[in-house]
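A short worksheet on the structure shown next.
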Protein chains: 2
Amino acid sequence: MKNGGRKKATIYDLSVLSGSSPSTVSAVLNGTWRKRRIKEATAALIRELAEKHQYTANRQAQGLRSSRSGLIGLLLPVHDNRYFSSMAQTFEAQVRARGQCPIVVSASRDPQQERETAETLISYSIDELFICGATDPDGVHEVCEKAGLKHINIDLPGSKVPSVISDNYEGGRMLTEAIIRQFPADRPLEAGELYLFGGRNDHASRERIRGFRAVKRNLLGGDPDDCIQTTGYSPNNTRAAFEAFHEKAGRLPRALFVNSSINFEGFLRFMAGHPHETFSDMVVGCYDYDPFASFLPFPVIMIRQNIEGMLAKAFAVMEEPRPAPVTHLIRPELIAPRTALTGPLDALKDVD
Amino acid sequence: MKNGGRKKATIYDLSVLSGSSPSTVSAVLNGTWRKRRIKEATAALIRELAEKHQYTANRQAQGLRSSRSGLIGLLLPVHDNRYFSSMAQTFEAQVRARGQCPIVVSASRDPQQERETAETLISYSIDELFICGATDPDGVHEVCEKAGLKHINIDLPGSKVPSVISDNYEGGRMLTEAIIRQFPADRPLEAGELYLFGGRNDHASRERIRGFRAVKRNLLGGDPDDCIQTTGYSPNNTRAAFEAFHEKAGRLPRALFVNSSINFEGFLRFMAGHPHETFSDMVVGCYDYDPFASFLPFPVIMIRQNIEGMLAKAFAVMEEPRPAPVTHLIRPELIAPRTALTGPLDALKDVD
DNA sequence: CTTTTTTGCACAATCGATGGTGCAAAGACT
DNA sequence: AGTCTTTGCACCATCGATTGTGCAAAAAAG
């Protein structure tokens, strides 16, 4: 142990050791030293000492002085879901690439928790906030606005700042069409056999449903309201809806459009209580991609939202000086059954 | 907009407004005011003003003064995986319940990135660090130790501080036995038909393999080395191992023990290139639980690690004054095929 | 009406880094 | 040698909250 091994070195420590003033040390270590006409030799000495004593700047002190922290926040509904956790993974990589520190938190889709979480992040002087899948983006906006914090919406749009979201209408169309086309010409799907389950009254669900209805009407004709069951996002409510349907109709629809992978988990819970045969001839489309879901015992067509695309766009928009509060749509991708895509995990090197 | 709507109020602002000194305001707002014998009326006035002006403390300033930040870190290998994202979700809840702010970051299973990430967190003066699934826990330990940061290992053990991990040996035994018992008595599994794929030379893999061998030897007899294929954690390497096996043997083993859900993703990639029939009579056991994986077209027996249990234990150990650097084992749970468990998501209320 | 005690609070130093300002020493120029 | 520049750096206030210390005014005791 070269140094005391205990407390972290500060610019004051280096100042004493180098015989320079703290401000000189600071300038050398934060890169502004040329502007301050510090001699190359002085700088070299200080850098060497910093290295030797493993100096790292105290970010709290830096942040206090500059009212910036180097932290970039991502506010998620939940972590444990492939869509959002991929979002977190990709976000981290992009923030790191910009030399800042990502901080990812979830707020449970609860408007109040969303606002409180934003407040907390603000108290740490985060520099920017990406609001992903928020139930009340404009509520979070208020909080950010008041603190002068730059922010942007992802996945679900707000009205006060720019939003970057999945093209849910187009995705809903693609998925619906793929479901219908999955059936053979000699026994085609009929209008009463295609149901949508899941989602609630948020922008994403509404747009997906709009796409669903448009294509369904076009290809199959009629579309009575009971073909659409908005169950909310809770797996258990979704399961209950399937149970109720099955109870009443004596069977499941031949084809399902499931609003999200979280709703799909509700379907799994239903599956657990029913034998294989119940699902043997059905086709399921799910808005969201999960590799394991793609290999279930019936054809599962999935929509993979373009997470990298959305985040890249969001970062780009963030850099604009005064971006207009418009909504940018990013096209998602249709994934055929039994497809295992590569993901952020593949970027890792696998040491042994 | 009642206040200026721009900058955040500070204790100095409230000091002017209330006619008290900044230190009095500070004491009132951080709860130490009784100790300082501040009058009830004064405190009430200040609280009222704070409320009115939506005062929130600047955590950077607080942290600078106290060299604590209220941040509790969780260092993960990756986000986008159900096991680790559930870990993140549960961690968040536990930290929030303690009135602190969770900060979750990933370090890609790369020893150097692990250390650098820890350094970064330290520069923000985090108060505690939970090191989960680190490739080099003792390396991270060095960094924490030097900064005087309390820390603990989860999921993979280190030797310098306490560790709380899954009982991988017992889990490996349970899973192996369940796989073997899944086969009917009239056509039992034979020794040469049970293979283990995935994992590498880390503690978890070694213990699982040890459990696998013990049970296999006991129930089926012999266990040649080629029944164990440690492919690392990369999905693509895992896939390649399956391809190679299939190429050589002309078929897959009847039974598989897959080391983790990430390795299972490698198996999915293999599956994508082969027809259904290839898997029709096989049984797969996977160390990790994923709800979708549980419903694949063949029996999938899974191990659900007790995440809540591990974290609860870890928090408990953290509170001990000088905990011994021992490893605490938490028993995982065997999950039968076609099981959809509830998870952290179910704690959310689903508003509409 | 003093002396002692208690109450209620203000003052000022401090945490570590930053950046504006000022000033001595060295060099350039007349 | 005297004036003007340039170089190289030190000094000090500042960011917002915390905390040890000190000291008036009020209350209690004598």
Side-chain angles (χ1 to χ4, degrees), chain A residues 6-47 49-50 53-70 122-127 147-148, chain B residues 6-47 49-50 53-70 122-127 147-148:
Chain A
R6 219 75 281 277
K7 283 296 161 207
K8 304 234 63 176
T10 71
I11 54 169
Y12 296 93
D13 300 329
L14 298 183
S15 151
V16 172
L17 290 166
S18 68
S20 307
S21 76
S23 59
T24 298
V25 175
S26 172
V28 168
L29 296 174
N30 70 23
T32 60
W33 59 284
R34 293 205 168 281
K35 201 169 59 190
R36 283 179 158 274
R37 302 196 308 253
I38 308 293
K39 220 195 311 181
E40 180 67 56
T42 309
L45 169 63
I46 290 174
R47 273 195 302 262
L49 286 169
H53 294 270
Q54 309 197 56
Y55 170 84
T56 48
N58 180 322
R59 308 297 303 250
Q60 307 226 48
Q62 272 186 329
L64 176 56
R65 183 59 226 256
S66 58
S67 59
R68 302 174 33 82
S69 63
I122 287 169
S123 74
Y124 285 104
S125 309
I126 64 169
D127 298 339
Chain B
R6 218 78 281 280
K7 282 297 163 208
K8 304 234 65 175
T10 72
I11 54 169
Y12 297 93
D13 301 328
L14 298 182
S15 151
V16 172
L17 290 167
S18 69
S20 309
S21 77
S23 58
T24 299
V25 174
S26 171
V28 168
L29 296 174
N30 70 23
T32 60
W33 59 284
R34 292 204 169 283
K35 200 170 59 192
R36 286 182 156 270
R37 302 197 308 253
I38 307 293
K39 221 194 311 182
E40 179 67 56
T42 309
L45 169 64
I46 290 174
R47 274 196 301 262
L49 286 169
H53 293 272
Q54 308 197 54
Y55 169 83
T56 49
N58 181 322
R59 309 296 304 249
Q60 309 227 46
Q62 273 186 325
L64 174 56
R65 184 58 226 262
S66 58
S67 59
R68 304 175 28 84
S69 64
I122 287 168
S123 74
Y124 285 103
S125 309
I126 64 168
D127 299 338

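Numbered from 1 within each chain, the chains take letters A, B, ... in sequence-line order. Every value quoted in this text rests on a predicted model; they were computed, and no experiment measured them.
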Looking only at dG16(C), dC11(D), dC9(D), the nucleotide nearest the Lys39(A) side chain is dC9(D)

Ser20(B) backbone acceptor or donor facing Ser15(B) side chain under 3.5 Å
yes

In whole Å, what is the span from the CH2 atom of Trp33(A) to the P atom of dG8(D)?
11 Å

Out of dC11(D), dC9(C), dA17(C), which has the shortest distance to the side chain of Thr24(B)?
dC9(C)

Measure from CZ on Arg68(A) to P on dA17(C) and round the result to the nearest Å.
17 Å

Please check this pair: side chain of Thr32(A) against backbone of Lys35(A), looking for a donor-acceptor N/O pair closer than 3.5 Å.
no

Between dT19(D), dG8(D), dA10(D), which one does the side chain of Ser21(A) approach most closely?
dA10(D)

Quick one: Ile11(B) CD1 to dA10(C) C1', roughly how many Å, whole number?
13 Å

With nearest nucleotides of DNA chain D determined for Tyr12(B) and Arg37(B) from heavy-atom distances, which residue corresponds to the more 5′ nucleotide?
Tyr12(B)

Taking any heavy-atom pair under 4.0 Å as a contact, classify Thr32(B): base, sugar-phosphate, or nothing.
nothing

Ser18(A) side-chain N/O to Leu14(A) backbone N/O, donor-acceptor pair under 3.5 Å
yes

Given dT21(D), dG16(D), dA10(D), which nucleotide is nearest the side-chain atoms of Arg36(A)?
dA10(D)

In whole Å, what is the span from the CD1 atom of Ile46(A) to the P atom of dC9(D)?
8 Å

Provide, to the nearest angstrom, the distance between the CG atom belonging to Asn58(A) and the C1' atom belonging to dG16(D).
14 Å

Residue pair Asp13(B) / His53(B), side-chain heavy-atom distance below 4.5 Å:
no

Modelled atom types, side-chain donor and acceptor of Ser23(B) and Ser26(B), under 3.5 Å
no

Which comes earlier along DNA chain C counting from the 5' end, the contact point of Glu40(B) or that of Leu64(B), where each point is its nearest nucleotide?
Glu40(B)

Looking across every strand, which nucleic acid part, if any, lies under 4.0 Å from Gly19(A) by heavy atom: base, sugar-phosphate, or nothing?
sugar-phosphate

Rounded to whole Å, the CG-P distance (Leu29(A) to dA17(C)) equals 9 Å

So does Ser69(B) get a backbone contact from the side chain of Tyr124(A), meaning a donor-acceptor N/O pair under 3.5 Å?
yes

Ser23(A) near the nucleic acid: base, sugar-phosphate alone, or nothing, with a heavy-atom cut-off under 4.0 Å?
base

Using OP1 and OP2 only, check whether a side-chain N or O of Tyr124(B) sits under 4.0 Å from dG16(C).
no

Length of the CD-C1' vector between Gln62(A) and dG19(C), whole Å
13 Å

Give Ser67(B) one of three labels, base, sugar-phosphate or nothing, depending on what nucleic acid heavy atoms sit under 4.0 Å from its own.
nothing

Nearest to the side chain of Thr10(B), which nucleotide is it out of dA17(D), dA10(D), dA12(C)?
dA17(D)

Return no unless some side-chain N or O of Ser26(A) is found under 4.0 Å from OP1 or OP2 of dG19(C).
no

Can you check the Asn30(B) CG to dT19(D) P distance for me, whole Å?
7 Å

For the side chain of Ile38(A), starting at C-beta, report the closest nucleotide among dA10(D), dC9(D), dG20(D).
dC9(D)

